[in-house]
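Working notes, beginning with the structure itself.
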There are 2 protein chains.
Amino acid sequence: MGASLKDVAQLAGVSVKTVSNVVNNYPHVTPGMRERVQRAIDELGYRPNLTARHLRKGRTGIIALAVPELGNPYFAELAGAVIDAAARHDYTVLMDHTAGQREKEVLVTQGFRAHVIDGLILSPIELETSDLLGRRDDAPLVLLGEREYDAPYDQIAIDNVAAARTAVRHLTGLGRRRIAFIGARREMARRPAHLRLRGWREELSEAGLPCGEDLVAATDGYGRWDGAAAMNALLDRGERPDAIFAYNDLMALGAMRALVERGLRVPQDVSVVGFDDVEEGRFSTIALTTVSPDKQAIARLAVERVVGRLTGAPQMSPERIQPGYTLIARESTSPPAA
Amino acid sequence: MGASLKDVAQLAGVSVKTVSNVVNNYPHVTPGMRERVQRAIDELGYRPNLTARHLRKGRTGIIALAVPELGNPYFAELAGAVIDAAARHDYTVLMDHTAGQREKEVLVTQGFRAHVIDGLILSPIELETSDLLGRRDDAPLVLLGEREYDAPYDQIAIDNVAAARTAVRHLTGLGRRRIAFIGARREMARRPAHLRLRGWREELSEAGLPCGEDLVAATDGYGRWDGAAAMNALLDRGERPDAIFAYNDLMALGAMRALVERGLRVPQDVSVVGFDDVEEGRFSTIALTTVSPDKQAIARLAVERVVGRLTGAPQMSPERIQPGYTLIARESTSPPAA
């Protein structure tokens, strides 16, 4: 075990209170005393214990971040940003993944780790508003992601309808006319809550372009395999789409792979737009056009809301906060340079 | 807050001890009593608190996993596997990333979160053996990754020299003669501890093929950008390599992107092999040949060693454990089907 405050006090021949004053940078410690204590600190390799500070305030210093899956680089990149943002507030992050299962998401919101965590950031997939209204745990909860809830919790998400419309408008602006939508779990495809699908439909409908069910390929999950399978299903259905708007980058990348395997060219035969701006899309052999949510802002805002409620303003009213996004056009929607 | 054991006992009209007996599935509880308690449990939504159980044993139920970066999908996939393996032992995982900085890695091993975690799984980059020998914290520590240490801790890693030789042999078997190595931080490229580089050199040397410094492209980091920059540097150096063995998949994918941008064909002009088998390599437009470490086994073994020391055998001697690996040949080392 490391040295304690007491060990430092003993070695320096001063009181524990004096060591504490030095460690906490309190004033009225003489420079000589400060140096004497610092020498003992260095010699013993003592490090002030942030955890202990949190514990004195009845906190653990841990925020949980629950995402559907770490294997999706969007969530991995987001997790990295949350860990960094939390560190700036002396918080550490306990990671959990829910596999997007409602049961697991409910468990997380109900505080099954209430003794370990001070607050929770959750990116739900199947959680329902009723699950949230039945919540008994009082640890601060911040919700991320595409779903919207009628519940008194902070929700941080970009404007998904507007972002989807921007992506589709990019494709119609290129002259594309049969723009298919890939993604969303099968059982959710008809829900109004599916904001990116709604944006796709609204934009096409206003442009007078087809947006029927034959152009929607639902999937079982959110991965590369799902995107490839959905692309193949669309190609097997009959009239070929000339563009794809995918729910996320992973599905877009899977769809591109399927197109190439079927001998079709991206972007000449089929343009492809994803969503998330994961780094791999920048480096794929055909670089992927995508909607880029401001992940740094999402992470920072989520941590600030949790920490704000813990340290200062537990009564502040829940807010919906919309960070920004940008469309990043790359090779998958324009011919590569000659 | 959720219901307590006491709430359940009150509602059921029984003693706390009886509720505890039911929750813990102890025998000598009559079926009638069991049902009565279960009804109260259901009504109150009570969940037995695993954390509390751990706390009674002086533990927190948390294992920390510290990796260089979650943005690298290898570590994200590994983290998912560790979280699942830990859950099977009723442990949760606290994630941390070190950015591969020695200072951060030392801090992690010295137990700056000793009050919060029961054990630690660390994948170090710059940590030195001397750092480990100076460790004072007594929480179980398991080391992952390519570096080897002369220190009394469990170390779990595939045979990196043999795996690198397998990858290079795959390339020589295809008739490749100028096989370059991409990766490893600049300041580490000359270290004998760099096992994958050593495997590359040994295999080429035995085959009588060039393995001089002009075929080694060191990098500042381990990402896609680094791989692309290293590939461009190799191409600018003069005689073109006809194959690339990259330290990891991300760098291999970056190198492929750079090759395509320079008008070279993969695999016809340059074959490429990576390391890690991250899912994105399977779906890249040119699917990536790679060394696939058994990530599930690595995660399972790491958790088992930590939990084993916590629950049963703290005195078991430290071991080096080598999980398996396989070479997965894909399009980047063979012409695509016509």
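Numbers restart at 1 for each chain; the letters A, B, ... are given by sequence-line order, proteins then strands. Note: hydrogens, waters and symmetry copies are ignored here, and every other heavy atom, side chains too, is used.
Once rounded to the nearest 0.5 Å, the distance linking CD of B/Glu280 with CG of A/Leu250 reads 9.0 Å. One distance of note links CG of B/Leu94 with CD1 of A/Ile62; it measures 5.0 Å at 0.5 Å rounding.
Shown here for A/His97 and B/Asp84, the closest heavy-atom pair between the two residues is NE2-OD1, 3.1 Å. The heavy-atom pair separating A/Gly254 from B/Phe283 by the smallest distance is CA-CD2, 4.0 Å.
For residues 72-82 of chain A, the interface with chain B (any heavy-atom pair closer than 4.5 Å) comprises A/Ala76, A/Ala79, A/Gly80, sorted by residue number.
Partners of B/Glu279 under the salt bridge (Lys or Arg N to Asp or Glu O under 4.0 Å) rule, at least two apart in sequence or in another chain, are A/Arg224.
For A/Ala87, no part lies near chain B; criterion is any non-hydrogen pair under 4.5 Å.
Ranked by heavy-atom pairs under 4.5 Å with chain B, the first of A/Leu65, A/Val278, A/Ile83 is A/Ile83.
Annotation: ring pair (Phe, Tyr, Trp, His ring centres under 6.0 Å) contacts involving residues 255-275 of chain A, sequence neighbours excluded, are absent.
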Please tabulate, for side-chain N and O atoms in residues 256-265 of chain B, each donor-acceptor pair with protein atoms closer than 3.5 Å (sequence neighbours left out).
{"residue": "B/Arg257", "atom": "NE", "partner": "B/Glu261", "partner atom": "OE2", "Å": "2.9"}
{"residue": "B/Arg257", "atom": "NH1", "partner": "A/Ser284", "partner atom": "O", "Å": "2.9"}
{"residue": "B/Arg257", "atom": "NH1", "partner": "A/Thr285", "partner atom": "O", "Å": "2.9"}
{"residue": "B/Arg257", "atom": "NH1", "partner": "A/Glu331", "partner atom": "OE1", "Å": "3.1"}
{"residue": "B/Arg257", "atom": "NH2", "partner": "A/Glu331", "partner atom": "OE2", "Å": "2.5"}
{"residue": "B/Arg257", "atom": "NH2", "partner": "B/Glu261", "partner atom": "OE2", "Å": "3.1"}
{"residue": "B/Arg262", "atom": "NH1", "partner": "B/Asn232", "partner atom": "OD1", "Å": "3.0"}
{"residue": "B/Arg262", "atom": "NH1", "partner": "B/Asp236", "partner atom": "OD1", "Å": "3.3"}
{"residue": "B/Arg262", "atom": "NH2", "partner": "B/Asp236", "partner atom": "OD1", "Å": "2.9"}
{"residue": "B/Arg265", "atom": "NE", "partner": "B/Asp269", "partner atom": "OD2", "Å": "3.3"}
{"residue": "B/Arg265", "atom": "NH2", "partner": "B/Asp269", "partner atom": "OD1", "Å": "3.1"}

